[in-house]
*Asks:* 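One structure coming up, written as structure tokens, with questions to follow.
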Amino acid sequence: MSMTMEDDIKRWTAKRKAALVMEIIKGKSTVAEASRAFDLTPSEIETWVDEAKRGMENALRAKPMDIREQYEKQLKELQEAYGEAMLELRARKKLQSLLGEDDK
């Protein structure tokens with residue numbers, strides 16, 4: 001890529017994303033440079049880099065997970081985190097209501 005990609009990209013295909021991520025991984029570009037050059041947010045590019053690293057790690061496993069397994073694992077982790085957050089929220093509301101009743 002080395003800023004040789006056409007500047008006016010309308011759609012970021014997987015191939016274009018991969019090329020940009022490889023430029024960053026190889027040290028030929030930085031997230032900040034790519035962000036400015038292609039009018040993308042740094043977080044968007046960092047997400048692509050993270051996804052590429054996860055995909056690369058999976059591809060190098062002795063028994064790689066298929067895409068469905070990856071998404072199911074990620075979904076399970078997110079559901080667990082959501083459940084924990086909901087429990088914490090309920091506990092905080094309960095505590096607030098108890099403290100609020102003591103003030104009356």
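Just the heavy atoms: all of them, side chains too, but no hydrogens, waters or symmetry mates, feed the values below.
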*Asks:* Taking salt bridge (Lys or Arg N to Asp or Glu O under 4.0 Å) as the cut-off, I'd like each qualifying pair that reaches into residues 35-59, sequence neighbours left out, listed once.
*Replies:* Glu57-Arg61
*Asks:* For the hydrophobic clusters of this structure (ILVMFWY residues joined by side-chain heavy atoms under 4.5 Å, transitively), does one cluster hold both Val31 and Ile25?
*Replies:* yes
*Asks:* Please list, chain by chain and in numerical order, all residues satisfying salt bridge (Lys or Arg N to Asp or Glu O under 4.0 Å) with Glu88, sequence neighbours excluded.
*Replies:* Arg92
*Asks:* Could you tell me which residues satisfy salt bridge (Lys or Arg N to Asp or Glu O under 4.0 Å) with Arg68, sequence neighbours excluded, listed by chain and number?
*Replies:* Glu72
*Asks:* Supply the atom-to-atom distance Lys73 NZ to Asn58 CG, rounded to the nearest 0.5 angstrom.
*Replies:* 9.0 Å
*Asks:* How long is the span from the CD1 atom in Ile24 to the CH2 atom in Trp48, to the nearest 0.5 Å?
*Replies:* 9.0 Å
*Asks:* First locate atom CG of Leu78, then atom CD of Gln74, and finally report the distance between them rounded to the nearest 0.5 Å.
*Replies:* 5.5 Å
*Asks:* Excluding sequence neighbours, so at least two apart, what forms side chain to side chain donor-acceptor pair (under 3.5 Å) with Glu77?
*Replies:* none
*Asks:* Which atom names give the shortest non-hydrogen contact between Ile45 and Ser35, and what distance separates them?
*Replies:* CD1-N, 3.5 Å
*Asks:* Do Thr47 side-chain atoms and Ser43 backbone N/O form a donor-acceptor pair below 3.5 Å?
*Replies:* yes
*Asks:* Report the residues that fulfil side chain to side chain contact (heavy atoms under 4.5 Å, CB included) with Lys76, sequence neighbours left out, ordered by chain and then residue number.
*Replies:* Glu80
*Asks:* Residues in side chain to side chain donor-acceptor pair (under 3.5 Å) with Thr13, at least two apart?
*Replies:* none
*Asks:* How close do Lys17 and Trp12 get, counting heavy atoms only, and between which atoms?
*Replies:* CE-O, 3.3 Å
*Asks:* How close do Glu33 and Lys28 get, counting heavy atoms only, and between which atoms?
*Replies:* OE1-O, 4.4 Å
